[in-house]
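Data first, discussion second: the structure below is written as structure tokens.
Lettering follows sequence order; numbering is per chain, from 1. Keep in mind that what you see is a predicted model, and the values were worked out from it rather than measured.
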Amino acid sequence: MRCISSEFYARPTVGVARDLLGNILVRLLRCGSSKIKRMSGIIVETEAYGFTNDPASHAYRGLTFRNSAMFGDVGRAYIYFTYGSQFCVNISARSSNVKAGAVLIRALQPLEGIEEMKAFRKTDDILALTSGPGKLSQALNINQSLNGYDVTDPNSELHVEYGFSPALIIETGRIGISRGTDKIWRFIIADKVRQGYLNKYASRKKI
DNA sequence: TCGATGATTGAG
DNA sequence: TCAATCATCGAA
């Protein structure tokens, strides 16, 4: 259970997106004075978002209050609210010569705290718990209050630990966007597609 | 200010 | 296929 350090995120965003597959997103839920509930999942789907080279990126038009986490230290959570009801989780990552960048966590395979996830999601369907960026945020009880959290700190309520190296990775264009669709910046663990850990919307798209 | 728009989801 | 739903952003 070792936390991934900040050097990992200080590399080109697209490579970080690919290399995050197979690692573990961990959510520590503080319930009461001393009790800590641990929830986690294997990262099975990611997308990279860049800067001025990427019209689909929130950072494309420059620094704003919302996207400031994409411009700050690498290895920080960038969490935003969208479509009126959903939160999306990103991790800031970029090489030192680039001003902004982040990796969107699109899907997990539930690992620990599955009963809690069922309660937060209001469903018992394992494959529906974290098979989408909005769903995984709901399952892990993640909201904007976690924006900017250091995911390289093992004591952080949201952090990433080492997992395994996937045998086969699928690369596709990003989905749910209208611009920048030519960039092959979406990454998926091949086995997890077959096992059903990606959402239906994602499966409908070309893989 | 104000209107348009989403890195989505669940229901029909 | 389509509505829900609201923070954010750029134009006015």
Side-chain angles (χ1 to χ4, degrees), chain A residues 9 12-18 20-21 25 41 43-72 74 76-94 98 100-108 110 117-149 151 158 160 170-188 196-207:
Chain A
Y9 303 100
T13 311
V14 176
V16 174
R18 166 187 263 274
L20 271 174
L21 293 179
L25 183 69
I43 298 171
V44 301
E45 180 183 5
T46 62
E47 283 179 356
Y49 285 88
F51 184 34
T52 53
N53 62 333
D54 181 11
S57 174
H58 285 173
Y60 182 59
R61 295 175 186 279
L63 176 66
T64 66
F65 181 75
R66 176 175 70 158
N67 67 22
S68 58
M70 291 182 72
F71 290 80
V74 297
R76 301 302 179 104
Y78 167 43
I79 296 167
Y80 65 91
F81 186 68
T82 191
Y83 288 108
S85 56
Q86 314 296 332
F87 292 100
C88 291
V89 178
N90 302 250
I91 297 173
S92 62
R94 64 183 188 279
V98 179
V103 176
L104 171 68
I105 310 299
R106 285 197 61 92
L108 304 174
M117 293 187 199
K118 288 178 178 176
F120 284 126
R121 289 278 298 125
K122 298 182 170 59
T123 177
D124 286 339
D125 182 356
I126 295 288
L127 298 180
L129 290 182
T130 54
S131 54
K135 295 180 196 175
L136 72 89
S137 298
Q138 187 180 33
L140 299 183
N141 195 33
I142 292 170
N143 59 44
Q144 213 139 7
S145 71
L146 296 179
N147 187 50
Y149 270 52
V151 302
L158 188 66
V160 182
I170 298 172
E171 308 184 350
T172 79
R174 296 169 296 177
I175 61 177
I177 56 174
S178 55
R179 294 169 301 173
T181 52
D182 57 311
K183 298 187 187 310
I184 309 302
W185 285 1
R186 175 171 173 242
F187 303 95
I188 302 163
Y197 289 108
L198 271 62
N199 68 30
K200 293 177 194 155
Y201 176 62
S203 304
R204 276 203 295 271
K205 300 286 180 175
K206 62 169 183 177
I207 288 179

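The nucleotide whose nearest atom lies closest to any side-chain atom of Thr64(A) is, among dG10(C), dC9(C), dT9(B), dC9(C).
Residues that satisfy the salt bridge (charged side-chain N to carboxylate O under 4.0 Å, His left out) test with Lys118(A), not counting sequence neighbours, are Glu115(A).
For Thr172(A) and Arg186(A), the side-chain atoms include at least one donor-acceptor pair closer than 3.5 Å.
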Query raised in the report: In dot-bracket, 5' to 3', how would DNA chain B read with Watson-Crick or G-U wobble pairs under 3.5 Å, [ ] for crossing ones and | for pairs to another strand?
Result: ||||||.||||.
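Under a cut-off of 6.0 angstrom, the local environment of OH in Tyr60(A) is sparse, with at most 12 non-hydrogen atoms contributed by other residues, nucleotides or ligands.
Counting non-hydrogen atoms under 4.0 angstrom, Arg179(A) reaches nothing in the nucleic acid. Within the nucleic acid shown, Phe65(A) has no heavy atom closer than 4.0 Å to any nucleic acid atom. Using a 4.0 Å heavy-atom cutoff across all strands shown, Arg174(A) reaches no nucleic acid atom at all.
The distance between atom CG of Asn67(A) and atom P of dT5(B), rounded to the nearest whole Å, is 20 Å. Atom pair Leu104(A):CG and dG6(B):P shows a separation of 16 Å (rounding to whole Å applied).
An OP1 or OP2 oxygen of dT8(B) is reached within less than 4.0 angstrom by a side-chain nitrogen or oxygen of Arg106(A). For dG10(B), the OP1/OP2 oxygens have a side-chain nitrogen or oxygen of Arg121(A) closer than 4.0 Å.
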Nucleotides 3-7 of chain C: which of its N/O atoms have a protein N/O under 3.5 Å away?
unit_1: dT5(C); atom_1: O2; unit_2: Tyr83(A); atom_2: O; d: 2.6

